[in-house]
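Heavy-atom basis, side chains included; hydrogens, waters and symmetry copies ignored.
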There are 2 protein chains.
Amino acid sequence: MKLITRNTDYAMRALCHIAKQRKESVSAAEMVAALKIPRPFLRKILQTLSSEGLLRSTKGQGGGFALSRSPQKILLTDLIRIFQNTIQLNECVFKKKLCPNRNNCALKKEIDAIEQDVLKRLRGISIASLGNGHHPARSNQGKCHVHHSSVC
Amino acid sequence: MKLITRNTDYAMRALCHIAKQRKESVSAAEMVAALKIPRPFLRKILQTLSSEGLLRSTKGQGGGFALSRSPQKILLTDLIRIFQNTIQLNECVFKKKLCPNRNNCALKKEIDAIEQDVLKRLRGISIASLGNGHHPARSNQGKCHVHHSSVC
DNA sequence: CGTTAATGATACCATTTGAGTATCATTTGT
DNA sequence: ACAAATGATACTCAAATGGTATCATTAACG
Ligand code: FES
Ligand code: FES
């Protein structure tokens, strides 16, 4: 039961990194060096972000990626939607068929309610909110590029 | 991103079913008939519940399973702990190693907070709370044995 | 007793998802 | 022309999920 997968996490880091550089565009190579994410994997992620419209890309020498909208408008939920099949916590399928009983199921009601809460909170997380001091832990310098987009 | 898996769901149904029967013990065969869960799968689940101490079993003719404690004390979180490796929504491991950065990571802080909320709510769900009218949707009679423990 | 109805213990299999790699084609600045 | 970049696509590998199958053991009942 993981809320976010590696894809989503890495995408978050990459986007944060781009947001912090005040450049026209940031290349995959630079991000690989900075974030220590395996190159082909990061490239795939960036391509996805690009095709999904979160990044604009420029090809050729000197090219790279840039945010296609402001950091406040790039939400964690956007990434989850893109990289994780669904954001739904509750499915109740039986042999590929949707449950005929969705409307009067107490367990489903409970889980749906929890889901709404989680979503509400996730929607409050953007790359801006993590990356620019809204939150604590903005202290560490330099070395750690290992995990999550927020700190490194 | 599923909150509960099939195992957990089926276990929930089985436990609710047992709770509703006012009998010394309920056999797997009876539950297969009532809940429409594949027999070998349900048996495995029951065995697990038994070995984990949620059910007491009696072998031999006339045997079966009984709750080993009161329905109020069997929580959804117990089942999640048993059937899903972890209840943690957030792990941040890198090449099998725990993240060296867990203490000053803004994203982790956010997700941890969400996790606490989710857990608090999940802990409020027991087989008693779903099965005996604390919650809505206690209406349907008879036919539907297809999904979730709560309704059928 | 011996049969039969039950669980216990294990081992196995299939599908899906997550995580990551590899390759070739295309674009563009110098 | 060449080098530095992304685009498109296909592939591999491991773990988790969702099951099946088989044989052993126990105990009530006739
Ligand atoms: S916990 Fe590893 S950097 Fe966030
Ligand atoms: S949604 Fe299917 S029974 Fe709960």
Checklist outcome for this item: Value for CG (B/Leu46) from OG (B/Ser51), rounded to nearest 0.5 Å, stands at 11.0 Å
Checklist entry - Below 4.0 angstrom, N of the basic side chain to O of the carboxylate: do A/Asp9 and B/Lys108 qualify? => result no
Item to check | Residues A/Asp78, A/Arg69: salt bridge by 4.0 Å N-O rule | outcome: yes
Next on the checklist: For D/dG19, does the base pair up with any side-chain atom of B/Arg6 as donor and acceptor (N or O, under 3.5 Å, distance only)?
Outcome noted: no
Atom pair distance, as rounded to whole Å: [atom1] in [X] and [atom2] in [N]:
X       : N      : atom1 : atom2 : result
A/Phe41 : D/dC13 : CZ    : P     : 17 Å
B/Asn7  : D/dA15 : CG    : P     : 19 Å
B/Met31 : C/dT7  : CE    : P     : 7 Å
A/Lys2  : D/dT17 : NZ    : C1'   : 14 Å
A/Arg43 : D/dA10 : CZ    : P     : 16 Å
A/Lys23 : D/dA5  : NZ    : P     : 10 Å
A/Glu30 : D/dA4  : CD    : P     : 16 Å
A/Gln84 : C/dT17 : CD    : P     : 13 Å

Checklist entry - Would you say A/Lys23 has more than 12 foreign heavy atoms packed within less than 6.0 Å of its NZ? => result yes
Next on the checklist: For the CZ atom on A/Arg39, are there more than 12 heavy atoms of other groups (residues, nucleotides or ligands in this structure) within a distance under 6.0 Å?
Outcome noted: no
Checklist entry - So what does B/Ala28 touch, heavy atoms closer than 4.0 Å: a base, only the sugar-phosphate, or nothing? => result sugar-phosphate
Checklist entry - Which part of the nucleic acid, if any, lies within contact of B/Arg39, taking any heavy atom under 4.0 Å across all strands shown: a base, the sugar-phosphate backbone alone, or nothing? => result nothing
Checklist outcome for this item: Within residues 49-66 of chain A, the residues having a heavy atom closer than 4.0 Å to DNA chain C are A/Lys59, A/Gly60, A/Gln61
Next on the checklist: If the cut-off is 4.0 Å, is B/Tyr10 near the phosphate of D/dG18, judged by side-chain N/O to OP1 or OP2?
Outcome noted: no
Item to check | Heavy-atom pair of closest approach, residues B/Thr8 and B/Phe83 | outcome: OG1-CB, 3.6 Å
Checklist entry - Of the non-hydrogen atoms in B/Leu67 and B/Arg56, which two are nearest, and what is the gap between them? => result O-NH2, 3.5 Å
Next on the checklist: Between A/Lys44 and A/Gln47, which residue's closest nucleotide on DNA chain D lies nearer the 5′ terminus?
Outcome noted: A/Gln47
